[in-house]
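First the structure, in the form of structure tokens, and then the observations on it.
Basis for what follows: all heavy atoms, side chains included, without hydrogens, waters or symmetry-related copies.
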Amino acid sequence: MTSSPADRDRSDDPFAELGDPVLAVADKRRGLVAVAGAHEYDEVNTVGVFHVTDRARRRLLVHSQHPVNAMAFHPTLRLLAMGSGEYDGGYHFEGELLLLHLETGTALSLIEHHLGRQVLGLEWLNDQDLRVLMAPPDDWKDGQAHEEGHIAVVRRADWTAVEAKSLTGRDLAGPRVPAPRPDQREAARQAVARLTATRTRRHHTSRAHGTG
């Protein structure tokens, strides 16, 4: 996991480096949008965090070794939780629960185990509680491992103080539940298309009034 701040776009299209959008979530209160993207035949998966005012301006770019399946902005703190992971093709569901500090660009991988867990869903229940939906650790003699998972609620008094590799198996233990793996690509593409269209309209309006 690597991240870099970006106060200005490196091209006319701030979404260009993301590849194909696969997931998009918004924090309307703070005017932020996070978009996860993937490049075909490339193992690097990218998340961009954008500040949306008169146009989408990229603030942060984060690279993940696994596909990003879930993202959730903290309700009050400047944090973005990101869940990644995939099936390794033979046994394990590997992945990470990542916490991105939006002010500094620091991204922490929180799960202690070296293989992590494939994270499928994230939801902040309040300032202290994060609900995490995960695939099972593996599919050994488990015929429902690809359709079900485990859900846990992780509580921390101050998420800004949470350290890397600090979530143990006990933190992530929870009941077995249905765990659908929806394809969110089309919704993400539409979200990026709307942001791009807004940017284009405002650009042409500015030029028409001589302010571009």
Exam field: side chain [X] to backbone [Y], donor-acceptor pair closer than 3.5 Å:
X    : Y    : result
H113 : L115 : yes
D138 : Y91  : no
R59  : G105 : no
H146 : A135 : no
D20  : A38  : no
R131 : D129 : no
H74  : A81  : no

Do you know the tightest heavy-atom contact between [X] and [Y]?
X    : Y    : result
A70  : G121 : CB-CA, 3.7 Å
D139 : Y87  : OD2-OH, 2.6 Å
A152 : D171 : CB-O, 3.8 Å
A179 : G149 : CB-N, 3.5 Å
L77  : R30  : O-NH1, 2.8 Å
M71  : A34  : CE-O, 3.4 Å

If we only count heavy atoms from C-beta on, is the [X] to [Y] side-chain gap below 4.5 Å?
X    : Y    : result
P137 : R117 : yes
V49  : L102 : yes
D142 : Q144 : yes
L23  : V47  : no
P75  : R29  : no

To the nearest 0.5 angstrom, please state how far the [atom1] atom of [X] sits from the [atom2] atom of [Y].
X    : Y    : atom1 : atom2 : result
E112 : L97  : CD    : CG    : 13.5 Å
H92  : Q118 : NE2   : CD    : 13.0 Å
L100 : F73  : CG    : CZ    : 8.5 Å
M82  : S109 : CE    : OG    : 10.0 Å
M134 : L172 : CE    : CG    : 5.0 Å
F15  : T196 : CZ    : OG1   : 5.0 Å

Do the rings of W159 and W124 sit parallel, tilted or perpendicular, given the 30° and 60° boundaries?
perpendicular

When L99, L167, L110 are each screened for side-chain contact (heavy atoms from CB on, under 4.5 Å) with R156, the one that passes is L167

Same cluster or not: [X] versus [Y], using hydrophobic residues (I, L, V, M, F, W, Y) connected whenever any side-chain heavy atoms lie under 4.5 Å apart?
X    : Y    : value
L60  : V25  : yes
V154 : L120 : no
V119 : L133 : no

*Go through the steps to decide whether I151 and E123 satisfy the test side-chain contact (heavy atoms from CB on, under 4.5 Å), and finish with yes or no.*
CA-CA 11 Å; I151 195 162; E123 181 184 2; over 6 Å; no

Original post:
Is it the case that more than 12 heavy atoms not belonging to R170 sit under 6.0 Å from its CZ atom?
Top reply: no

Query - Within 6.0 angstrom of E163 CD, more than 12 heavy atoms from elsewhere - result: no

Those residues at least two apart in sequence (or on a different chain) that pass salt bridge (Lys or Arg N to Asp or Glu O under 4.0 Å) with E103 are R78

Apply side-chain contact (heavy atoms from CB on, under 4.5 Å) to the pair V132 and L122, showing each step before the final yes or no. CA-CA 5 Å; V132 185; L122 293 169; 3.9 Å; yes

query: Would V68 and V22 count as a side-chain contact (heavy atoms from CB on, under 4.5 Å) if you check the C-alpha gap in whole Å, the side-chain angles of each, and the deciding distance to 0.1 Å?
result: CA-CA 8 Å; V68 177; V22 298; 5.6 Å; no

H101 and L79: CA distance, side-chain angles, deciding distance, side-chain contact (heavy atoms from CB on, under 4.5 Å) verdict | CA-CA 5 Å; H101 290 249; L79 299 170; 3.5 Å; yes

